[in-house]
**Q** 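Before anything else, here's the structure in question.
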Amino acid sequence: MDYNFSAIDSKWQQYWKENRTYKVDIDISRPKFYVLDMFPYPSGAGLHVGHPLGYIASDIYSRYKRLQGFNVLHPMGYDAFGLPAEQYAIQTGQHPAITTEINIKRYREQLDKIGFSYDWDREVRTCSPDYYHWTQWTFIKMFKHWYNNTTQKAEPIEALITEFEKDGNAKVNAACSEVEPFSANEWSSMNEKQQQEILLAYRLAYLADTMVNWCPALGTVLANDEVKDGFSVRGGHPVEQRKMKQWCLRISAYAERLLNDLDTLDWSDSLKEIQRNWIGRSEGAEVTFKVDGTDNGILVFTTRPDTIYGATFMVLAPESELVSELTTPEHKQAVEEYITMAKRKTERERQTEVKKVSGQFTGSYAINPFTEKKIPIWISEYVLGGYGTGAIMAVPAHDSRDFVFAKTFGLPIVQTVIQPGETPTDPATWTESYDAKEGIVINSDTFNGLEVQEAISTINANIEKQGLGRYKVNYRLRDAIFSRQRYWGEPFPVYYKDGMPYTIDEDKLPLELPEVDAYLPTEKGEPPLGRAKNWQTAEGYPYELSTMPGFAGSSAYYLRYMDPKNSKELVSKEANEYWENVDLYIGGTEHATGHLVYSRFWNKFLFDLGYVCKNEPFKKLVNQGMIQGRSSFVYRINPEKMAEYVLWEHLKDKKMGVEFVRNYRIGNSKFDFFSPDAKVLIEVKKQQSLEKVAEPYEALAAEKGYKLLLIPIQDFMGIQDEVLHRIKEAIEGKDVPAFVEKDHIEKFPAFVSKNIPGREHFSDEIHVDISLVENDILNVEEFRKWQPHLSNARFLLEDEKYVCGWAVEKMSKSMYNVVNPDDIVEKYGADTLRIYEMFLGPLEQSKPWDTNGIDGVLKFLRRLWRLAHDANNEVCISNEPATNDELKVLHKTIKKISDNIEKFSFNTGVSAFMICVNELNDLKCNKREVLEPLTILIAPYAPHTAEELWHLLGHKESVFNAQWPELKEEYLVEDSFTCPISFNGKTRFTLDIPLNMPKDEVEKLVFANEQTDRYLHGKTPRKVIIVPNKIVNIVI
RNA sequence: GCGGAUAUGGCGUAAUUGGUAGCCGCGCUAGACUUAGGAUCUAGUGUCGAGAGACGUGGGGGUUCGAGUCCCUCUAUCCGCACCA
């Protein structure tokens, strides 16, 4: 039988399904291994060849681990709540659940065709009530816990109440929103609403007025990682800042643990760096500056207490609550105008205006606690309300932003740090500030002469001693905003009583998403859930109308896979203690600051509560690169540009005998061409435009005594000769009609091949579906059928072919460059697709999809197949013992393949297989002793082919129940080494030298060789370097 | 602006981690077989040179017996963050 991949694919996919080959259960007799893919959002577009890249890699790894005796958990599911399904629902009225179901079905079909080893019995969908039951449950737990900074963990809210009843909140060291101090007595005298309000400030899931990213087009708020450059990541709609009451998760409480525990993870440095950046830890001091003439103070955060003597003014964020209090009557109007202006700006505008300096003086002054000088208090947008204390001490000499601000508003600049050995200059003459954190302190009283680092700690200590402030660590990480004004998400298990939120009882979970008549906001502007009937508790308390964001469902899915059918718990203790956490997680970098932060937080919270046994969810993480598309372009002729270009090419070289100029002006009228000698004006335009200008142009020409040629460009291609003829006649003084006959009025879209000269001057680049293009040559007939308006398309060819342009871009529907894996599987088979994707290059690297070379992979699989078949394609396997040469090839391959899989170097693995098959081919080896282990080796890469070969070798069970072949080093040992002999570092020839030969003998051997004399050129070597079993280098 | 990564034949890439640069595949050239086919097989293929040989891992410099690999510097591309005090 020939290598019939489609028959093999379907046969074994069927077999795996029927025999539940990939079903896994807890088995304490075997070590576990958990391999996880980032589950996909099932979009309407289906999978493209980029999606499976990571799945194939993790599948290879899973199968490899299984063959090594591990009990491998390798599940898959769907991140099924999300915007696109909802947008589609708004447009069509179809329930998102239906759309999602259809898409999931399609995804599943596509995934099945590639032959993954998922245990589909463990599938999860974030949108199914059995699943979001536990998302809601976790939310309730967060609502009922607070973060104790002293113990560094989440603790039950009841413990906090007990503490309040005993001592008030004075001794509580919590990560919380701002709360006024109160005593035990005050606590007991509060009514329930007041108490709830205080507790809300402590809860890990809390409701608060926050500045949010509001996207008017989507009608919802977005998380920071859902916004990029002031536009929504999904849809690209503008985003603005707005203050709204929202659910938030106090993820900032975990900032330090999220940061520190990064060190324990086997993730790439770049990814860890992105997370460190996102968490953004900075050490410094919190210092209070007294407001002049009052008892109030302004608290600021600074990382540079060493420069406090250089603080010559203060700046508040415009949204700071202190502003109204500090603004004096004469500055009130200007300040208020400034604040209104700042509020109106969208995130986008703020970002583009980063370099612009703006601000207003409040009229008030503060006292610098060290210099005791009066310094003015300003407000400016460059100080952010959400970071630090929303106020800064400005040190213009040593901070570039403060410097620009001081320069703009003429504020004083005082230098307090200098590079050793330099003499101070007047800061007013500087062009930029000295920001570096190194040097010697000056102008700072008793601290003069200290080195910056010493000064920071000394002044810090001084601040604490004087009671001005304290050492403080700040994080950039903000709490996660957790409400979305959408329909297609998890409902909050929350109802409102007396305006305060309460969670429903856990035994009432899941709180199922209600039906609505439309997926749009209500007339009152409430979220879509406002349309649901009876959306309230049995007692009549209204439920929350927002739903949870996308990351809610994806934050703990890896836990649910461990025990997906459990209706009593998120995950049983037994399952969690067996599977622990994810050993290998593969996915894209796009989740670096979103999902991967939220998941870690979520896991740490559950860890604090004792529901999970591991502190971190994902031990090792590998980011696969993106597979980009290779778009093809056709060049549509722009008739106006074309006509001008072609004419100009003729006119500029005096081909007409007279000189022409381009773009000639008479008054306000512009003509395309003019010849002063022949007194001819030429204008090229669309017929309709010409008719409009004909009259005034004729008048103008008549007035000057010029001849006027108005040339319509409709289908210019067909009338070039005619046009040129008319111009010639005009130049020669013959009387010519102003209009060329309109004999080509039909609209023929015309396209020009890529390498036609001047193409870039007269055509527009248009994406063309890549299925119409092969090797950059356009299939002209198919192209005409592609879209109705192209049926009459005409082409300017080169060598009778239409050559397309191309570019590497993101794979997307709109660029017509999407490659569907189904097509590749159909044409080449699943195993070829799998191997080819791995062969493309290193897993982490982004690369364009390019099928050049896929034939090589198919050829390789055929050659492998033929090792076990004779010339007539009959199975032919020898039971003779293998020769040493054959065993050497095999064991070399065992070593390489194992090493490469461990290192995730799948591309070099493929290369090793190719070498192996080539060598076995040369040896004409069809021995069972070699082919059997080889089949196991290749099974992770090419599971279908391997199963079939395994079967042909006489086995009844799946190859995945076999054992990974054992490496026998003894077959790899060589007795001699081909040693390069180099002169001055340049290799000249090689010598076979017995392994481990003593150095002096090697030297003798080398100098006994006549080739050595040739390269010595009669000179005596100055030095001979012999690195045993590596190289010999002779220095002359 | 800050941070990270990358740069090797015509193309995708490889190099035991400082030791023969270009493995494997594509493409290309030539040949074989053939009821010419986008099948299969064989040989060749970094550049210059008839040859000996010289040159060659983005550019320049350095360390070293020896550098694609280490150090300095510049350039280009990609990615992340971006008024974070």
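Because only heavy atoms are used, hydrogens play no part in the values below, and waters and symmetry mates are left out as well, while side chains stay in. Just so we're on the same page: letters track the sequence lines, and every chain starts at 1.
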**Q** Please give, in whole Å, the distance from B/C41 C1' to A/R863 CZ?
**A**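 Atom CZ in A/R863 sits about 10 Å away from atom C1' in B/C41.
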**Q** Is there a donor-acceptor contact under 3.5 Å linking the side chains of A/Y3 and A/T945?
**A**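 A pair is found: one side chain offers a donor N or O, the other an acceptor, under 3.5 Å apart.
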**Q** With respect to the side chain of A/V383, which nucleotide from B/C55, B/A85, B/C41 is positioned closest?
**A** B/A85
**Q** In whole angstroms, how far is the C1' atom of B/U20 from the CZ atom of A/F983?
**A** 14 Å
**Q** Return yes if a side-chain donor-acceptor contact under 3.5 Å exists between A/E286 and A/Y471, otherwise no.
**A** no
**Q** Using a 4.0 Å heavy-atom cut-off across all strands, classify A/S846 as base, sugar-phosphate, or nothing.
**A**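 Nothing: the residue A/S846, judged by heavy atoms under 4.0 Å, touches no strand.
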**Q** For B/U20, does the glycosidic angle fall within 90° of 0 (syn) or outside that (anti)?
**A** anti
**Q** Give none if B/U8 has no partner; otherwise give the nucleotide forming a Watson-Crick or G-U wobble pair with it, both distances under 3.5 Å.
**A**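 Matched B/U8 with nothing under the 3.5 Å cut-off.
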**Q** Measure the acute angle between the ring planes of A/W378 and A/F405, then classify it against the limits of 30° and 60° as parallel, tilted or perpendicular.
**A**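 Answer is perpendicular, since the angle exceeds 60°.
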**Q** If you measure from the P atom in B/C72 to the same atom in B/C28, how many Å do you get, rounded?
**A**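 Per the computed distance, 44 Å lies between those P atoms.
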**Q** Could you classify B/G9 for me, syn or anti, using a glycosidic angle within 90° of 0 as syn?
**A** syn
**Q** Using the P atom on both, measure B/U63 against B/C71 and round to a whole Å.
**A** 15 Å
**Q** For atom P, what is the distance between B/G58 and B/A76, given to the nearest Å?
**A** 16 Å
**Q** Of the listed nucleotides (B/C24, B/G3, B/C81), which one gets closest to any side-chain atom of A/E273?
**A**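 Looking only at side-chain atoms, A/E273 lies closest to B/G3.
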**Q** In whole Å, what separates the C1' atom of B/G49 from that of B/U57?
**A** 22 Å
**Q** I'd like the P distance from B/C74 over to B/G66, given in whole Å.
**A**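 Roughly 26 Å separates the two P atoms.
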**Q** Of the nucleotides B/G19, B/G25, B/C55, which one has an atom closest to the side chain of A/F839?
**A**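 Selected nucleotide (nearest to the side chain): B/G25.
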**Q** Side chain of A/K1023: nearest nucleotide among B/A14, B/G25, B/C65?
**A** B/C65
**Q** Would you measure the distance from the P atom in B/U17 across to the matching atom in B/G12 and give it in whole Å?
**A** 27 Å
**Q** Would you mind pulling out the nucleotide paired to B/U42, Watson-Crick or G-U wobble, both distances under 3.5 Å?
**A**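 Across all strands, the one nucleotide that pairs with B/U42 is B/A30.
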**Q** Please determine, for the side chain of A/W278, which listed nucleotide (B/C81, B/A21, B/U40) has the closest atom?
**A** B/C81
**Q** Does A/T389 or A/S270 map to a spot on RNA chain B nearer the 5' end, using the closest nucleotide for each?
**A**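 The 5'-side residue here is A/S270.
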**Q** Whole Å only: how far is the CZ atom of A/R476 from the P atom of B/G80?
**A** 14 Å
**Q** Report yes or no: does A/S846 contribute a side-chain atom to a donor-acceptor pair with the main-chain N or O of A/M626 at less than 3.5 Å?
**A** yes
**Q** Looking at B/U64, which nucleotide sits across from it as a Watson-Crick or G-U wobble partner, both distances under 3.5 angstrom, or is there none?
**A**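 Its partner is none (no Watson-Crick or G-U wobble pair with both distances under 3.5 Å).
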**Q** Given B/C55, B/U20, B/A15, which nucleotide is nearest the side-chain atoms of A/T908?
**A** B/A15
**Q** Between B/A14 and B/G22, how far apart are the C1' atoms? Round to whole Å, please.
**A**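 So the two C1' atoms sit 7 Å from each other.
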**Q** In this structure, how many angstroms lie between the C1' atom of B/C78 and the CD1 atom of A/I274, rounded?
**A** 13 Å
**Q** Just the rounded figure in Å: distance from C1' of B/U16 to CD of A/E902.
**A**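 In whole Å, B/U16 C1' and A/E902 CD are 17 Å from each other.
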**Q** Do A/Y828 and A/F5 have ring centroids that are under 6.0 Å from one another?
**A** no
**Q** Does the structure place the NZ or CZ of A/R276 under 6.0 Å from the centre of the six-membered ring of A/W267, at an angle of no more than 45° from the ring's axis?
**A**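 No, A/R276 and A/W267 do not form such a contact.
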**Q** Closest nucleotide of RNA chain B for A/V857 versus for A/N984: which of these residues is on the 5' side?
**A**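 Nearest nucleotide further toward 5': that of A/V857.
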**Q** Categorize A/R276 for me: base, sugar-phosphate, or nothing, with a 4.0 angstrom heavy-atom threshold over every strand shown.
**A** nothing
**Q** Base, sugar-phosphate, or nothing: which does A/D402 touch, judged by heavy atoms less than 4.0 Å apart?
**A**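 If one applies the 4.0 Å heavy-atom cut-off, A/D402 turns out to touch nothing in the nucleic acid.
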**Q** Taking a pair as Watson-Crick or G-U wobble with both distances under 3.5 Å, which nucleotide is matched to B/A14?
**A**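 Base partner found: none.
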**Q** Is any N or O donor-acceptor pair between the side chain of A/N277 and the base of B/C81 shorter than 3.5 Å?
**A** no
**Q** Regarding A/S905 and A/T908, do their side chains bring together a donor and an acceptor under 3.5 Å, going by distance alone?
**A**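 Judged by distance alone, the side chains do pair up.
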**Q** Between B/G25, B/C65, B/A14, spot the one nearest the side chain of A/V1035, thanks.
**A** B/C65
**Q** Provide, to the nearest angstrom, the distance between the CD1 atom belonging to A/I993 and the P atom belonging to B/U20.
**A** 14 Å
**Q** Using the C1' atom on both, measure B/A50 against B/G68 and round to a whole Å.
**A**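 Nearest-Å result for B/A50 against B/G68 at atom C1': 32 Å.
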**Q** Which part of the nucleic acid, if any, lies within reach of A/I1025 when heavy atoms closer than 4.0 Å are counted: base, sugar-phosphate only, or nothing?
**A** base
**Q** State the pairing partner of B/G22; accept Watson-Crick or G-U wobble contacts with both distances under 3.5 Å, and report none otherwise.
**A**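 Paired with no nucleotide.
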**Q** Could you check which of B/C24, B/A85, B/U40 has an atom nearest any side-chain atom of A/F301?
**A** B/A85
**Q** B/C83 pairs with which nucleotide, Watson-Crick or G-U wobble, both distances below 3.5 Å?
**A**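 In the structure as shown, B/C83 has no Watson-Crick or wobble partner.
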**Q** Is the closest basic N to carboxylate O distance between A/R281 and A/E256 below 4.0 Å?
**A**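 So A/R281 does not pair with A/E256 through a salt bridge.
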**Q** Which whole-number value in Å describes the distance from A/L271 CG to B/G3 P?
**A**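 Atom-to-atom, A/L271 to B/G3, this comes out as 19 Å.
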**Q** OP1 or OP2 of B/A85 versus the side-chain N and O atoms of A/S282: is any pair under 4.0 Å?
**A** yes
**Q** Reckon A/P848 touches a base, only the sugar-phosphate, or nothing at all at heavy-atom distances under 4.0 Å?
**A**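 A/P848: no heavy atom of the nucleic acid under 4.0 Å.
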**Q** Classify the nucleic acid contact of A/N1033 as base, sugar-phosphate or nothing, counting any heavy atom under 4.0 Å across all strands shown.
**A** base
**Q** Scan A/N907 against the nucleic acid and name what it touches under 4.0 Å (heavy atoms): base, sugar-phosphate only, or nothing.
**A**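 Answer is sugar-phosphate: A/N907 comes under 4.0 Å of backbone atoms only.
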**Q** What is the distance, to the nearest angstrom, from the OH atom on A/Y836 to the P atom on B/C24?
**A**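 So the OH-P distance, A/Y836 to B/C24, works out to 18 Å.
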**Q** Look at the side chain of A/Y387 and decide which nucleotide, out of B/C26, B/G19, B/A85, has an atom nearest to it.
**A** B/A85
**Q** Of all the choices, B/A14, B/C26, B/C24, which nucleotide is nearest to the side chain of A/P842 once you look at every atom?
**A** B/A14
**Q** Students often get this wrong, so: under 4.0 angstrom with heavy atoms, is A/S911 touching a base, only sugar-phosphate, or nothing?
**A**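 Base, at least one base atom sits under 4.0 Å.
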**Q** Should the heavy atoms of other residues, nucleotides or ligands under 6.0 Å from CG of A/D269 be counted, would the total exceed 12?
**A**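 Not more than 12 within 6.0 Å, no.
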**Q** Look through every strand shown and name the nucleotide pairing with B/G49 as Watson-Crick or G-U wobble, where both distances are under 3.5 Å.
**A** none
